[in-house]
2 protein chains.
Amino acid sequence: MHSLPSQAMRPLSLNPSLSSSRFPFFSFSIPIFHKFKSNPTIYKKLQKGPPFLTLRCCSSGSVTAKPSSELRRNRAVQEPDEKVVALRQLFSKPGIGIDAYIIPSQDAHQSEFIAECYMRRAYISGFTGSAGTAVVTKDKAALWTDGRYFLQAEKQLSSSWILMRAGNLGVPATSEWLNDILAPGGRVGIDPRGSDVPHSPVMYAYLIVEVDAAKLFVDNSKVTPEVMDYLKNAGVELRPYDSILSEVRRLAAEGANLWLDTSSVNAAIVETYKSACDKYLMNSGNRRKIMNKGNGEFNGLSIGPSGVYMRSPISLEKALKNPAELEGMQNCHLRDAVALAQFWCWLEEEIHKNVKLTEVDVADKLLEFRSKQDGFLDTSFDTISGSGANGAVIHYKPEAESCSIVDPNKLFLLDSGAQYVDGTTDITRTVHFGEPTAREKECFTRVLKGHIAVDQAVFPENTPGFVLDAFARSALWKIGLDYRHGTGHGVGAALNVHEGPQSISYRYGNMTALQKGMIVSNEPGYYEDHAFGIRIENLLCVQEVNTPNNYGGIEYLGFEKITFVPIQTKLVDLSLLLVEEIEWLNKYHSQVWEKVSPLLEGSARQWLWNNTRPIAKQ
Amino acid sequence: MHSLPSQAMRPLSLNPSLSSSRFPFFSFSIPIFHKFKSNPTIYKKLQKGPPFLTLRCCSSGSVTAKPSSELRRNRAVQEPDEKVVALRQLFSKPGIGIDAYIIPSQDAHQSEFIAECYMRRAYISGFTGSAGTAVVTKDKAALWTDGRYFLQAEKQLSSSWILMRAGNLGVPATSEWLNDILAPGGRVGIDPRGSDVPHSPVMYAYLIVEVDAAKLFVDNSKVTPEVMDYLKNAGVELRPYDSILSEVRRLAAEGANLWLDTSSVNAAIVETYKSACDKYLMNSGNRRKIMNKGNGEFNGLSIGPSGVYMRSPISLEKALKNPAELEGMQNCHLRDAVALAQFWCWLEEEIHKNVKLTEVDVADKLLEFRSKQDGFLDTSFDTISGSGANGAVIHYKPEAESCSIVDPNKLFLLDSGAQYVDGTTDITRTVHFGEPTAREKECFTRVLKGHIAVDQAVFPENTPGFVLDAFARSALWKIGLDYRHGTGHGVGAALNVHEGPQSISYRYGNMTALQKGMIVSNEPGYYEDHAFGIRIENLLCVQEVNTPNNYGGIEYLGFEKITFVPIQTKLVDLSLLLVEEIEWLNKYHSQVWEKVSPLLEGSARQWLWNNTRPIAKQ
């Protein structure tokens with residue numbers, strides 16, 4: 001599964017430097033968009049069909065909210081613009097007075113995957129993709145999303161919405177569009193303020209680390225006694241989630257400088273801290289203290305508390321897996337491979353018996369196989385199970401009521417993953433149950449060539465991931481093809497399936513170097529609109545390569561595969577592969593057999609044998 | 001020959017936004033560094049040995065200045081730090097009072113190749129490379145240069161200079177170093193203020209384009225009657241070079257907004273314009289005019305004249321060659337190829353006759369062959385003629401008195417180019433006259449693989465050049481090798497041999513897309529310190545590729561070669577080349593034969609035949 005680096009689709013930044021911008025910026029909240037707060041839920045049991053979550057209303061009682069797919073179906077029934085009209089009516093209310101309102105995807109923690117209760121953008125627009133920003137003005141409504149979601153957004157948006165295909169030539173950014181549309185002096189509203197997250201074993205919390213203390217702001221009820229004990233022993237103090245702002249105020253009043261992560265801090269914290277810092281300076285006792293410090297001059301370094309706005313060092317530390325995390329990732333990937341071999345064996349048999357299976361049936365069966373594996377907790381994201389044209393909807397999520405039958409005569413794309421106690425998996429395979437066309441084979445083979453080029457890359461330390469992105473596309477570019485998503489994202493170890501700061505992407509802003517111990521996905525693809533989708537995804541671990549030279553006195557790095565599931569050779573056009581690429585495929589399959597066959601028996605083992613046989617040019 | 005994109009080695013920017021920076025910035029001139037002004041000179045005749053230029057002193061009379069090579073030799077004789085000591089004595093003079101002084105390479109036009117009279121950095125440091133910044137503090141002297149020049153700078157700097165190997169891990173930028181070294185509040189001096197340039201058919205001039213007028217500020221004596229007539233007919237008015245600042249003042253006084261190119265405008269123009277704008281606002285009549293304009297409010301758009309600091313649109317227009325320029329480039333490259341075939345044929349014969357030739361003899365002979373070609377004007381840069389270890393000095397410039405004999409048993413690297421009336425050439429070939437070692441062959445072959453990968457690349461429109469850079473390095477990276485320069489630079493058509501804005505480089509800041517009609521060099525290399533240097537360089541023209549698909553509804557681009565000179569197949573390790581790469585080499589050589597052989601006769605034609613024969617794996 002892919003992500004885009006965080007600069008993509010980001011709504012207007014709330015970075016304090018914007019305060020002096022020519023574009024007036026106004027922040028307030030419209031309560032309609034966050035009246036629910038969900039219970040943290042981890043699916044421990046297999047569920048048929050899309051899950052209904054029980055949500056707790058903050059103020060009173062309990063309601064049952066439907067998942068996002070329901071939102072879409074309801075929209076078809078009711079007047080499509082009711083919500084937009086209601087929102088616009090709020091624009092001119094006393095104390096508000098705005099000309100446009102921005103609805104981002106993110107919650108207060110700038111999360112990518114968010115709790116149902118925070119899906120404000122999906123609620124207002126009907127578009128349920130993971131990335132997108134909606135903007136409503138007095139007479140226009142527009143939604144920005146990226147190439148992974150163009151087809152999905154076309155389907156989900158009503159005609160009163162303008163779809164902004166971000167990244168396409170001539171498509172303005174949100175801010176550019178607003179600058180064009182609004183009269184000078186126009187006011188724009190946004191609610192950037194924010195259970196926890198389905199598929200990700202994390203909870204909403206804030207952490208403040210001081211020189212001699214650490215405070216975790218979290219709802220007590222989410223913390224098990226074991227975790228509570230662990231935190232206590234580690235010297236971490238628990239505080240109520242909602243007390244974060246008062247603590248920020250207290251720190252400012254003490255004159256503390258705060259390091260705030262620009263990539264994720266929310267506006268409430270920044271604004272609270274800034275106004276508390278101003279208050280600190282208005283206090284004449286504090287001013288005296290400053291004057292007496294140093295040489296008595298204001299030298300720009302000691303005029304009171306101030307924020308340091310930089311990326312948190314924690315995200316990089318988290319990305320560099322320690323040996324225990326790496327071992328856990330490797331182990332859970334072998335168990336995951338067992339489940340996948342059993343699943344593909346089952347699916348091929350069913351299809352060949354002419355059993356009609358929907359895309360959701362197939363995803364459910366995969367979950368059933370995975371849930372039998374030791375340490376299984378949950379899927380790591382909504383399974384993307386797309387037959388034929390649905391495979392071209394890059395983040396397609398089949399719904400039981402509306403999804404397709406898996407067509408034996410079309411390509412079938414399956415992108416799925418699991419959370420285990422010891423790691424997180426994410427894998428995509430594309431298969432054909434019958435006879436692929438020459439076109440399908442050519443496209444598949446060129447995607448495979450890109451996959452192999454990234455897998456085999458060797459590069460000097462300090463190389464940012466985007467440098468490798470063109471390796472994945474080169475074979476497609478030669479015949480005028482491409483794909484509209486990045487090639488790789490970081491993956492957490494028993495954490496979020498999309499994890500920064502590294503990525504391999506054609507968005508060239510992310511200068512984070514690939515470093516030893518990082519996990520990254522390798523998932524080039526090709527999508528032919530209304531026809532088929534192809535993606536081949538393994539997870540890779542960055543490691544040192546023992547090169548015969550070390551020019552520049554530095555290390556040269558490469559990748560080690562941690563995913564071991566066969567790639568369907570039936571889809572390979574051998575005439576397009578170099579001898580070296582065929583050798584790569586044969587070697588990979590021999591490793592798959594070696595590592596996974598000891599964990600299998602019966603027909604699944606036979607299936608693995610059949611699907612790991614070497615191939616050769618005639 | 002390579003360049004680095006302009007952000008490399010740039011001294012502290014004089015961008016007006018710096019005025020509020022924490023780092024105090026002070027601008028003044030020390031006259032010692034620019035008391036000469038050179039006569040424009042184009043070498044129409046062949047000269048033996050390094051040319052001595054006659055320079056005209058601005059204030060009085062005439063002196064004879066020696067070229068930069070002389071500066072170096074003089075340093076060995078005199079007390080090495082005399083100049084630095086003299087400079088430091090100026091630091092504390094009344095009205096100066098600085099703690100450090102920055103000496104950039106550039107002249108007032110931020111040129112890369114500069115007139116002798118402006119070589120201030122070479123004068124103070126002894127280092128004569130084309131890129132570098134010297135900084136002198138009260139007790140330290142440091143010189144920054146990039147990987148192309150590490151070896152050269154090691155040789156040329158005296159022990160009192162610290163060599164800062166820019167781009168190496170842990171090496172601070174000029175500004176970082178100064179921030180570390182200087183006490184808070186320290187003051188830094190710089191003289192950024194400035195025919196004309198050897199090897200480039202250009203002259204020092206400023207141009208102001210107004211809505212209905214164009215003014216060229218240039219020394220009248222440099223303009224021939226024909227050019228004068230042409231400019232008159234084109235409506236371009238000639239003004240004295242030195243009157244640029246008074247014209248800037250006049251425009252500001254009229255309330256004119258100026259578009260100033262951030263990449264090249266000098267500080268004198270910016271400061272003159274800004275203070276004239278301030279003066280404009282102090283005039284009460286002007287203030288009334290502004291208040292009466294529009295709605296009578298200061299709306300931030302009409303409060304007086306102001307600068308627009310953006311890259312000039314001219315540089316991109318210049319980079320996109322028109323059909324006449326492309327034809328000229330192609331034609332002059334064929335004539336250049338004739339001279340090179342004659343040259344290589346001659347050189348091989350001489351070496352095999354055991355004639356001892358120095359690196360300078362060889363460069364002179366090449367100039368002799370080139371000067372016989374129609375339309376030849378000059379070399380396009382100082383010929384890099386390096387035998388053995390000298391080839392590893394990336395911008396090596398042999399000097400008659402000190403250079404090496406071309407060793408028949410070592411690799412010989414020759415990077416050279418010419419200015420013709422219809423175009424500019426730039427080509428590098430590396431050859432061996434005897435038996436290359438396995439190591440030399442492996443390195444050469446991997447450089448060739450990178451060269452082929454760039455040459456054959458297909459990429460979507462809007463792709464910045466740096467995306468292709470890794471293609472050139474990939475084969476070297478696999479065995480832990482790399483090179484410390486960019487892969488390609490733009491080339492002017494009968495203009496500067498290094499021309500922006502495009503580049504193919506591992507410095508990822510240059511977002512300029514490669515576009516149809518651009519010329520770019522393709523010159524990967526490998527340099528083994530104190531042993532040998534390898535570089536293979538052709539010029540390429542960006543053109544549309546007729547791909548079977550056009551995903552995204554856009555064009556896919558690729559390259560057409562315009563350089564046609566054999567690549568020495570003796571240096572190829574066939575076992576390392578793919579069949580497709582061997583085919584590339586054979587096809588290229590067959591094109592070379594087809595295009596160049598009709599223009600040759602005798603032994604040179606035979607040489608071309610011998611050196612364009614196809615090769616094959618056994």
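Just so it is clear, the values below take in all heavy atoms, side chains as well, and ignore hydrogens, waters and symmetry mates. Since the structure is predicted, the reported quantities are computational estimates derived from the model, not experimental observations. A note on names: the letters A, B, ... follow the listed sequences, proteins ahead of strands, and every chain is numbered from 1.
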Check whether [X] reaches the backbone of [Y] with its side chain - one donor and one acceptor, N or O, closer than 3.5 Å.
X       : Y       : result
D573(B) : K441(B) : no
T547(A) : N550(A) : no
N549(A) : I479(B) : yes

Could you tell me which residues in residues 463-471 of chain B have at least one non-hydrogen atom under 4.5 Å from a non-hydrogen atom of chain A, sorted by residue number?
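Residues in range: P464(B), F466(B), V467(B), A470(B), F471(B).
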Between [X] and chain B, with a heavy-atom cut-off of 4.5 Å, which part of the residue counts as in contact: side chain, backbone, both or neither?
X       : value
L578(A) : side chain
Y551(A) : both
E580(A) : side chain

Derivation of the ring pair (Phe, Tyr, Trp, His ring centres under 6.0 Å) call for F459(A) and F559(A):
CA-CA 10 Å; F459(A) 47 92; F559(A) 297 112; 5.5 Å; yes
Any Lys/Arg nitrogen of [X] or [Y] sitting under 4.0 Å from an Asp/Glu carboxylate oxygen of the other?
X       : Y       : result
K587(A) : E583(A) : no
D455(B) : K561(B) : yes
K516(B) : E461(B) : no

What residue, out of M511(A), R473(A), R439(A), E555(A), has the most heavy-atom pairs lying under 4.5 Å from chain B?
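It is R439(A).
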Under 4.5 Å, counting heavy-atom pairs only, tell me which of A457(A), S474(A), P460(A) racks up the most with chain B.
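Looking at each option in turn, the highest pair count goes to P460(A).
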Just checking, is any N or O donor in the side chain of R535(B) or Y527(B) under 3.5 Å from an acceptor N or O on the other one?
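Checked: R535(B)/Y527(B) side chains pair up, N/O donor to acceptor below 3.5 Å.
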Contacts of T512(A) that satisfy side chain to side chain donor-acceptor pair (under 3.5 Å) - sequence neighbours left out
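Listed in chain order: N510(A).
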With chain A, which of N462(B), N168(B), D482(B) has the greatest number of heavy-atom pairs at distances under 4.5 Å?
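Result: the option with the highest number of such pairs is D482(B).
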As an exercise: rank G553(B), G480(B), A453(B) by heavy-atom pairs under 4.5 Å with chain A and give me the winner.
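So the answer, after comparing G553(B), G480(B), A453(B), is G480(B).
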